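Structure first, commentary second.
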Amino acid sequence: MLNISRTKIIKPAEGKHEWSQDFPWLAKFLDTALEPHESLPYLMGWLKHFYCSALRGNLMPGQAVFVAGDVGIGKTFFGTEIVARLMGGGANASDYLVHGAQFNAELFEVAVWNVDDASSADSAEAHRHYSRMIKQGVANTRHAYHRKFMDQITLDWRGRIIQTLNDDPESVQAVPHTDGSILDKISLFKFKAHGMFDSIKRADIPAMLVTELPHFAAWLRDWEIPAHVVGDERYGVKSYHHPMLLAESKASSRVHSFREFLDEFLTQYKADHPEETHWKGSAMKLLLAFQNDAKLSVSMRMFIPNSQALGRMLASLSVLKGSRVKRLLLLDGITQWQIGLPES
């Protein structure tokens with residue numbers, strides 16, 4: 001593989017830098033924008049792992065980052081101006097990640113993919129596609145590269161995906177459903193109002209970034225990531241999940257909605273069978289039980305069309321902490337499920 005890329009990261013300034021030394025505006029912006037402030041070390045740890053691995057010439061994988069907040073408080077600025085400039089450039093990846101565009105060559109010329117688009121929540125299928133693309137973008141380093149009028153090939157890409165979105169419940173639905181194994185692959189941050197853009201003219205921002213980013217890069221280079229933020233070798237730092245964004249994302253998922261139906265059924269089942277501690281059976285048996293429940297049957301026919309769909313829901317629940325759903329050994333080729341009943 002011949003590397004002909006001309007993308008270069010910003011070189012750090014000489015000398016050791018303390019926080020805000022020679023990058024006062026950027027430091028104050030980051031200090032005041034993050035909510036809560038305790039999430040700042042996680043974001044800086046994520047950025048240091050990204051930048052310093054590139055500085056060493058060995059770019060390492062890392063989580064996708066979602067930044068939510070009100071309009072005009074610097075969410076997009078963080079992704080497209082601070083991170084993308086620091087890493088030598090970024091590209092808008094909405095057409096590829098959200099809309100499934102076939103030709104994606106320009107994305108592999110940069111290490112930052114920006115998504116400023118909530119349309120991934122437009123439909124259940126679009127959201128499932130986007131969630132799969134996020135997982136693939138983070139977990140896999142080999143990706144399909146397709147330039148127009150050329151054959152598709154496979155390339156190595158270890159960059160980062162940054163999505164910005166508003167923090168209202170509808171917009172937060174654009175976050176991939178936080179069920180199953182995706183939590184370690186994404187971080188959820190929230191920005192708040194801060195007034196920093198009132199202290200600088202918009203026309204002066206490019207010059208400020210040219211002046212301050214090398215010093216910010218020097219601080220990143222020398223800063224030691226706190227022990228509570230350090231993660232495993234795979235992603236370098238631990239994921240961070242803002243409690244409100246995590247709760248909104250979970251509440252919008254189909255698995256969460258199914259869990260409410262299941263809890264209602266289990267509560268009634270426990271009342272009818274007080275001596276039992278678990279419900280056991282196949283997905284088909286559970287589906288028939290739902291259909292025989294007058295309170296749940298109509299809604300469940302719309303929500304769960306068949307036993308296969310119900311089995312997928314149970315499988316998703318079985319990997320969630322505290323769900324009480326357990327997959328048992330196969331019995332005559334049919335998966336059996338054990339579900340803990342609520343206490344009386």
Side-chain angles (χ1 to χ4, degrees), residues 3-12 23 26 29-30 33-34 42-69 74-99 101 103-118 120 130 133-145 147 155-165 174-176 185-189 191 205-206 209-210 212-214 216-217 219-221 235-237 239-240:
N3 186 348
I4 61 171
S5 173
R6 295 184 298 273
T7 301
K8 304 292 184 183
I9 64 173
I10 284 182
K11 291 188 177 181
F23 58 99
L26 284 176
F29 168 74
L30 293 168
L34 269 291
Y42 289 89
L43 185 58
M44 294 298 96
W46 170 87
L47 187 53
K48 175 184 172 70
H49 179 63
F50 186 22
Y51 175 75
C52 289
S53 66
L55 188 63
R56 294 191 298 269
N58 183 26
L59 193 60
M60 302 299 293
Q63 298 95 339
V65 161
F66 293 77
V67 182
K75 308 184 303 292
T76 302
F77 173 79
F78 171 76
T80 62
E81 299 299 322
I82 296 179
V83 181
R85 282 176 179 258
L86 191 68
M87 300 304 299
N92 187 336
S94 295
D95 284 345
Y96 175 58
L97 295 176
V98 179
H99 306 297
F103 302 111
N104 57 10
E106 75 281 0
L107 299 181
F108 292 91
E109 296 175 5
V110 294
V112 179
W113 291 357
N114 297 109
V115 182
D116 191 9
D117 192 342
S120 61
Y130 182 56
M133 294 299 288
I134 292 294
K135 282 186 177 181
Q136 178 180 325
V138 174
N140 301 330
T141 61
R142 305 291 287 173
H143 300 270
Y145 168 93
R147 184 178 291 280
L155 287 182
D156 190 71
W157 184 84
R158 303 183 185 186
R160 301 294 188 272
I161 301 169
I162 305 175
Q163 174 163 359
T164 57
L165 59 157
V175 175
K185 300 176 180 64
I186 63 172
S187 282
L188 309 175
F189 294 96
F191 276 19
I205 290 178
L209 290 170
V210 169
E212 294 196 8
L213 276 175
F216 176 54
W219 174 83
L220 277 177
R221 176 197 60 203
Y235 299 134
V237 295
S239 297
Y240 175 84

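Quantities reported herein were computed from a predicted structural model and do not represent experimental measurements.
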Practice task
Starting at CZ of F108, measure out to CZ of R147 and round the result to the nearest 0.5 Å.
Solution key: 11.0 Å
Handout entry: Min side-chain heavy-atom separation F66-V115 under 4.5 Å
Key = no
Exercise for the section: Could you tell me the separation between the CD1 atom of I161 and the NZ atom of K185, rounded to the nearest 0.5 Å? Expected result: 12.5 Å
In residues 137-144, what donor-acceptor pairs under 3.5 Å come from side-chain atoms, sequence neighbours left out?
residue, atom, partner, partner atom, Å
T141, OG1, D156, OD1, 3.3
H143, NE2, N140, O, 2.8

Handout entry: Heavy-atom check, side chain of F29 versus side chain of F23, under 4.5 Å
Key = no
Practice task
Considering non-hydrogen atoms only, spot the tightest contact between A91 and L107 and give its length.
Solution key: CB-CD2, 3.7 Å
Problem - Close side-chain approach of E212 and F216, heavy atoms under 4.5 Å - result: no
Handout entry: Backbone N/O of G159 and side chain of W113: donor-acceptor pair under 3.5 Å
Key = no
Exercise for the section: Show your reasoning for whether side chain to side chain contact (heavy atoms under 4.5 Å, CB included) applies to L209 and L26. Expected result: CA-CA 8 Å; L209 290 170; L26 284 176; 4.0 Å; yes
Practice task
With the side chain counted from C-beta on, respond yes when R160 and V83 share a heavy-atom pair under 4.5 Å apart, and no when they do not.
Solution key: no
Problem - Atom pair CZ/CD1 of R85 and I9 - distance to nearest 0.5 Å - result: 16.0 Å
Exercise for the section: Could you point out which residue of D116, V110, V112 forms a side chain to side chain contact (heavy atoms under 4.5 Å, CB included) with N114? Expected result: V112
Fill in the blank from the handout: dist L59:CG -> M87:CE (nearest 0.5 Å) comes out at 5.5 Å
Practice task
Please report the closest heavy-atom contact between Q163 and A174, naming both atoms and the distance.
Solution key: NE2-CB, 3.8 Å
All N/O donor-acceptor pairs, side-chain side in residues 43-50, below 3.5 Å, sequence neighbours left out:
residue, atom, partner, partner atom, Å
W46, NE1, Q63, O, 2.9
K48, NZ, L220, O, 2.7
K48, NZ, R221, O, 2.9
K48, NZ, W223, O, 2.9
H49, NE2, P61, O, 3.3
H49, NE2, Y235, O, 3.4

Handout entry: L30 CG to L34 CG distance, which is reported to the nearest 0.5 Å
Key = 7.0 Å
Fill in the blank from the handout: Heavy atoms of Y51 and I10 approach each other most closely as OH-O, 2.6 Å
Completion exercise
CG of N104 to OH of Y145, rounded to nearest 0.5 Å, is 8.0 Å
Problem - Residue pair G90 / A84: nearest heavy atoms and the distance that separates them - result: N-CB, 3.8 Å
Exercise for the section: For T7 and E109, work out which heavy atoms get closest and say how close. Expected result: OG1-O, 2.6 Å
Practice task
For Y240, enumerate each residue passing the ring-ring contact (aromatic ring centres under 6.0 Å, His included) test, keeping only those at least two apart in sequence or located in another chain.
Solution key: Y42, F189
